[in-house]
Chemist: 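Below you'll find the structure I mean.
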Amino acid sequence: MRDNVRRNMPLFSMGIVTKLTELTPRQVRYYEQQELIQPARTVGNQRLFSFNDVDRLLQIKSLMEKGINIAGVKEMLHGEETADQPKETVEVKKPDMSDADLHKLLKRQLSELSARPNQSHLIRGELSRFFH
DNA sequence: CTTCTTACA
DNA sequence: TGTAAGGA
């Protein structure tokens, strides 16, 4: 039930996201302006996207390829809060190796993806398998 | 080199 | 949406 923390864990840079989504930085930033996504920021004001942000971006992309405009996309995607709302239960301090491993795995996968000429498309499904 | 914001073609 | 400018 706490997969959300992983889904909303900010760990993708703009570069990673553009390669993952095949969108231009311009579009990604624009969608953020339209409040379709709300990525976190680093101390240096760098955007940090979560898996949910990427997933949402892909939905937006798909929706717009169908000829739906921002307004339409907004209506459809509104309600699926991207941000992780402050939950009471934070039984923290419990060393969750599962998360650590998953984080490492994600980083490894992303390194490979960003380190070579990639061709997304099936990436959505690829990433999804981390959250079955 | 990568990303950020603002602003204009 | 693309891109230039100027900074971090």
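Worth knowing before you read on, the calculation uses all heavy atoms, side chains too, and leaves out hydrogens, waters and symmetry mates. Within every chain, numbering begins at 1; the chains are lettered A, B, ... in the order of the sequence lines, protein sequences first and strands thereafter. Please read these numbers as outputs of a predicted model, since none were measured by experiment.
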Chemist: What's the separation between atom CZ in A:F49 and atom CZ in A:R56, rounded to the nearest 0.5 Å?
Modeler: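 Between A:F49 CZ and A:R56 CZ, I get 13.5 Å after rounding to 0.5 Å.
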
Chemist: Given atom OH of A:Y30 and atom P of C:dG2, what is their separation to the nearest angstrom?
Modeler: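 Rounded to whole Å, this separation is 13 Å.
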
Chemist: Check whether any side-chain nitrogen or oxygen of A:T24 sits under 4.0 Å from OP1 or OP2 of C:dG2, and answer yes or no.
Modeler: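 It does, given that an N or O in the side chain of A:T24 lies less than 4.0 Å from OP1 or OP2 of C:dG2.
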
Chemist: What is the separation between atom CD on A:Q33 and atom P on C:dT1, rounded to the nearest whole Å?
Modeler: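 Going from CD in A:Q33 over to P in C:dT1 covers 12 Å.
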
Chemist: Assuming nearest nucleotide by heavy-atom distance, tell me which of A:I70 and A:G44 is located more 5' along DNA chain C.
Modeler: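 The residue closer to the strand's 5' end, by nearest nucleotide, is A:I70.
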
Chemist: A:R41 has a side chain; which of C:dT1, C:dG2, B:dT5 sits nearest to it?
Modeler: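 It is B:dT5.
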
Chemist: To the nearest 0.5 Å, what is the distance between CD on A:Q38 and CG on A:N52?
Modeler: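 That separation rounds to 10.0 Å.
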
Chemist: Would you say the base of B:dT3 and the side-chain of A:R47 have a donor-acceptor pair closer than 3.5 Å?
Modeler: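 Such a pair does not exist between side chain and base.
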
Chemist: Mind checking the CD-CG spacing from A:Q27 to A:L36? Nearest 0.5 Å is all I need.
Modeler: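 So the CD of A:Q27 and the CG of A:L36 are separated by 12.0 Å.
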
Chemist: Round to a whole Å and report the spacing from CZ of A:F12 to P of B:dT3.
Modeler: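 Rounded to the whole Å, the gap is 14 Å.
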
Chemist: Determine, using the 4.5 Å side-chain heavy-atom cutoff (strictly less than), whether A:L48 and A:L23 are members of one ILVMFWY cluster.
Modeler: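 They do not share one cluster, since no chain of ILVMFWY contacts under 4.5 Å joins A:L48 to A:L23.
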
Chemist: Kindly compute the distance separating CG (A:L20) from CZ (A:F12), expressed to the nearest 0.5 Å.
Modeler: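 Reported value, rounded in 0.5 Å steps: 6.5 Å.
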
Chemist: In Å, rounded to the nearest 0.5 Å, how long is the span from CZ of A:R47 to CD1 of A:I37?
Modeler: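 CD1 of A:I37 is found 8.0 Å from CZ of A:R47.
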
Chemist: Between A:R26 (CZ) and B:dA7 (P), how many Å, whole number?
Modeler: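 Answer to the nearest Å: 13 Å.
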
Chemist: At under 4.0 Å between heavy atoms, what does A:Y31 touch on the DNA or RNA strands: base, sugar-phosphate, or nothing?
Modeler: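 Sugar-phosphate contact only.
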
Chemist: Wobble G-U and Watson-Crick pairs count when both distances are under 3.5 Å; given that, what is the 5' to 3' dot-bracket string of DNA chain C, with | for pairing to other strands?
Modeler: .|||||.|

Chemist: Can you tell me how far apart OG1 (A:T21) and CG (A:L57) are? Round to the nearest 0.5 Å.
Modeler: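 Here the interatomic distance stands at 5.0 Å.
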
Chemist: Could you give the CG-to-C1' distance, from A:N45 to B:dT5, as a whole number of Å?
Modeler: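 Going from CG in A:N45 over to C1' in B:dT5 covers 9 Å.
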
Chemist: Ignoring backbone atoms, test whether A:Q46 places a side-chain nitrogen or oxygen under 4.0 Å from the OP1 or OP2 oxygen of B:dC4.
Modeler: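 Indeed not, no polar side-chain atom of A:Q46 lies that close.
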
Chemist: Please give, in whole Å, the distance from C:dT1 P to A:Q27 CD?
Modeler: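 So the CD-P distance, A:Q27 to C:dT1, works out to 4 Å.
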
Chemist: Tell me the interatomic distance from A:E22, atom CD, to C:dT1, atom C1', rounded to whole angstroms.
Modeler: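 Distance check: A:E22 CD to C:dT1 C1' gives 16 Å.
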
